[in-house]
**Student:** 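Structure provided below as structure tokens; questions to follow.
Quick note on labels: first sequence line is chain A, next is B, and so on, each numbered from 1. Just so it is clear, the model here is predicted, and its values are computed rather than measured.
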Amino acid sequence: MSLTKTLKKPPRDIANDLCLVMRLEEYKKPDKDKLFEIIEVAGPGFINFRFKKEYFYANLEKLLVEEHSSLRTNIGEGKKVQVEFVSANPTGPLHIGHGRGAAVGNALSNLLQAAGFDVQREFYINDAGTQVRLLGQSVYARYQQILGNNVPFPEDGYKGDYIESISQQIVKKTSKKYLRKQFKECGDFFTNYAYKMMLADIAQDLRDFGIIFDRWQSERELHESDKVKKSITVLREKNFLYEKDGAQWGSTTLFGDDKDRVIVKKDGEYTYFASDIAYHKDKLDRGFDTIINIWGADHHGYVRRIQSVLEAFGLAKEKFRVLLIQMVTLLRHGEPVQMSKRAGEFITLREVIDEVGADTAKFIFLTRRADSHLEFDIEVAKEQSAENPVFYVQYAFARISSIFRQAMNRNGTWQAAEKGVLSTESGVQEVDLSALKEDDEISIIKKLLQYPIIFEGAVFSFEPHRITYFLQELAGMFHSYYNKYRVISENSTLTAARLCLCKAVQIVLEEGLKTLGVSAPERM
RNA sequence: GCGCCUGUAGCUCAGUCUGGAUAGAGCAACUGCCUUCUAAGCAGUGGGUCAGGGGUUCGAAUCCCUUCAGGCGCGCCA
């Protein structure tokens, strides 16, 4: 149809001409090489090709023999990629928004791994700034109050229940050791104790969510090892730095930022930006080919300046990607729940995991594009968990497992239909896949063969949710098929072929679920 | 004021990058289907000015311009 303009003919006429030529070519081939059953013009000028069934059987067999490897493409070729995600301040428990970032980061990492990239998952710990200090002050104040010394609670202090419990713990451990001492004297103790505890909780929550990080990078460590200082020296050598009003500025506007940014303040203190410069320089030094950051959408104003710095360090623009995760609006009975970390009012990831389960939560987080707002009604997810889309997909997998269990019982020693060969009591039997004659069966095979295409699209666009949608569609086709036809019947040729088809569906479902970080249970 | 994201069925969202056929799911509503492989399922019905307007094109939810609405961000804070 794009030729319409050049040829000055209606699209339908052009399609007709092309179609005739292609039919002729196909006709000339010997029968066994013919790929297509039908080539015809349709609609406003489309050319439809219908593959011969043999094409589908051959590819189904390939899927059964090669299993998961046939679904993946080696796009990454071993290139090192770092995905940094969650990176929540260790000043409180993870909340539901972090959960979304965690689910997306993890799924993206799985996706890239499956595509042959050498992926590292990293968590950046903001353990150096005023926020952890404030956490320390909050715990310190509560500690003093518990022991009867009524010091004022910091104005912007963290007010959640967890502050109380950390303070109680310190009381238990140290008794009155720090009673009536000034924060100046013992602040480090409180700060370190509190944030380390928070960090341990965060790590535990993430583990229970099914996410393991390969590396935890401390912001403090960047300062202590002089990496901050050194990275700034490098920028100075690159003429990226200048002095104005007694402060050191980075020329981020050179690379498209709105304004230049302060790196060292007038008083000689580093800004948060300075640590981030060091951190990203460190990522480069560690030899990553591509750097991916997953941030909350409220940090979008920060993307350009980091990009500028990376470009100043010599990283090509397209080697750095920031995925912005839009906010999660939390609902309870359809009513929005106000969340404030400081005030301690929020739904934690822990609560979500306990109430709806890790699989469900992850799947829901992955049913939307990352940059789209997500409404998460905790009551709906909890009360109607049986109607959750994740069960729909898992159920298809479990159902197939059940079919195989039945097949084993009924026919004695049916083994799993693998590699196009079934073992029976009478020995090994070749499976004739051409027994799959129904249109519904061909449609399922067609769908299965689309997985690698969807997979590649998801990799190139960094959009794991495409896998989620694909799985729901495939599961739907299978459920429908299951209700319409019987897999196990008296016809052993047909049964064998259908078991093979089921096996293939299961392989694809498992591959997809695994990529999303969701389990594939054999029973439900 | 400037920048980024979003606006598609009653609700929640895919589809937009890369323009094509009658715009798709799920939930909610209604009607059927369990003596046979898991009913967490299936079959069916109803439901749309793709936010509005203009433009490009044989063809626009998709590309361009513009208006409106919602969210977020614009510190020598972190």
**Student:** I want to check a possible cation-pi pair here: A/Arg399 against A/Tyr482, using under 6.0 Å from ring centre and within 45° of the ring axis as the test.
**Tutor:**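 Relative to the ring axis of A/Tyr482, which defines the angle, A/Arg399 lies inside both limits.
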**Student:** Which of residues 511-524 of chain A have a heavy atom under 4.0 Å from RNA chain B?
**Tutor:**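 A/Glu522, A/Arg523, A/Met524 - these, ordered by number, are the residues of the stretch whose heavy atoms sit under 4.0 Å from the strand.
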**Student:** Under 3.5 Å, sequence neighbours excluded: what are the donor-acceptor pairs made by side chains of residues 290-302 of chain A?
**Tutor:**
unit_1, atom_1, unit_2, atom_2, d
A/Asn293, OD1, A/Lys283, NZ, 2.9
A/Asn293, ND2, A/His280, NE2, 2.9
A/His300, ND1, A/Ala297, O, 3.0

**Student:** For every nucleotide of nucleotides 10-16 of chain B, 5' to 3': is a protein heavy atom under 4.0 Å from its base (B), only from its sugar-phosphate (S), or from neither (-)?
**Tutor:** --SSSSB
**Student:** Closest to the A/Ala247 side chain: B/C42, B/C37, B/C76?
**Tutor:**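 The nucleotide sitting nearest to the side chain is B/C76.
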**Student:** Any base atoms under 4.0 Å from A/Phe376, or only sugar-phosphate, or nothing? Heavy atoms, all strands.
**Tutor:**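 Touches nothing.
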**Student:** Can you identify which nucleotide, out of B/A78, B/C42, B/A40, has its nearest atom closest to the A/Gln131 side chain?
**Tutor:**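 When the side chain of A/Gln131 is considered, B/A78 is the closest of B/A78, B/C42, B/A40.
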**Student:** So what does A/Tyr482 hit on the nucleic acid, given a heavy-atom distance under 4.0 Å: a base, only sugar-phosphate, or nothing?
**Tutor:**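 Here A/Tyr482 touches the bases of the nucleic acid.
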**Student:** Could you tell me which residues satisfy ring-ring contact (aromatic ring centres under 6.0 Å, His included) with A/Phe255, sequence neighbours excluded, listed by chain and number?
**Tutor:**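 A/Phe255 satisfies ring-ring contact (aromatic ring centres under 6.0 Å, His included) with no other residue.
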**Student:** List in chain and number order the residues that pass salt bridge (Lys or Arg N to Asp or Glu O under 4.0 Å) with A/Asp282, two or more places apart in sequence or in another chain; answer none if no residue qualifies.
**Tutor:**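 Applying salt bridge (Lys or Arg N to Asp or Glu O under 4.0 Å) to A/Asp282 gives A/Lys227, A/Arg286.
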**Student:** What distance, rounded to whole Å, do you find between the two C1' atoms, one in B/U6 and one in B/C13?
**Tutor:**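 The same atom, C1', in both gives a distance of 12 Å.
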**Student:** Can you tabulate the close N/O pairs, meaning under 3.5 Å, that link protein atoms to atoms of nucleotides 73-75 of chain B?
**Tutor:**
unit_1, atom_1, unit_2, atom_2, d
B/C74, O2', A/Lys259, NZ, 3.3

**Student:** So, OP1 or OP2 of B/C33: does either fall under 4.0 Å of a side-chain N or O from A/Lys484?
**Tutor:**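 Answer is no, no contact under 4.0 Å.
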**Student:** If the P atom of B/G46 is compared with that of B/G15, how far apart are they to the nearest Å?
**Tutor:**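 My reading of the P atoms in B/G46 and B/G15 gives 27 Å.
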**Student:** In whole angstrom, what separates A/Gln472's CD from B/G26's P?
**Tutor:**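 In whole Å, B/G26 P and A/Gln472 CD are 9 Å from each other.
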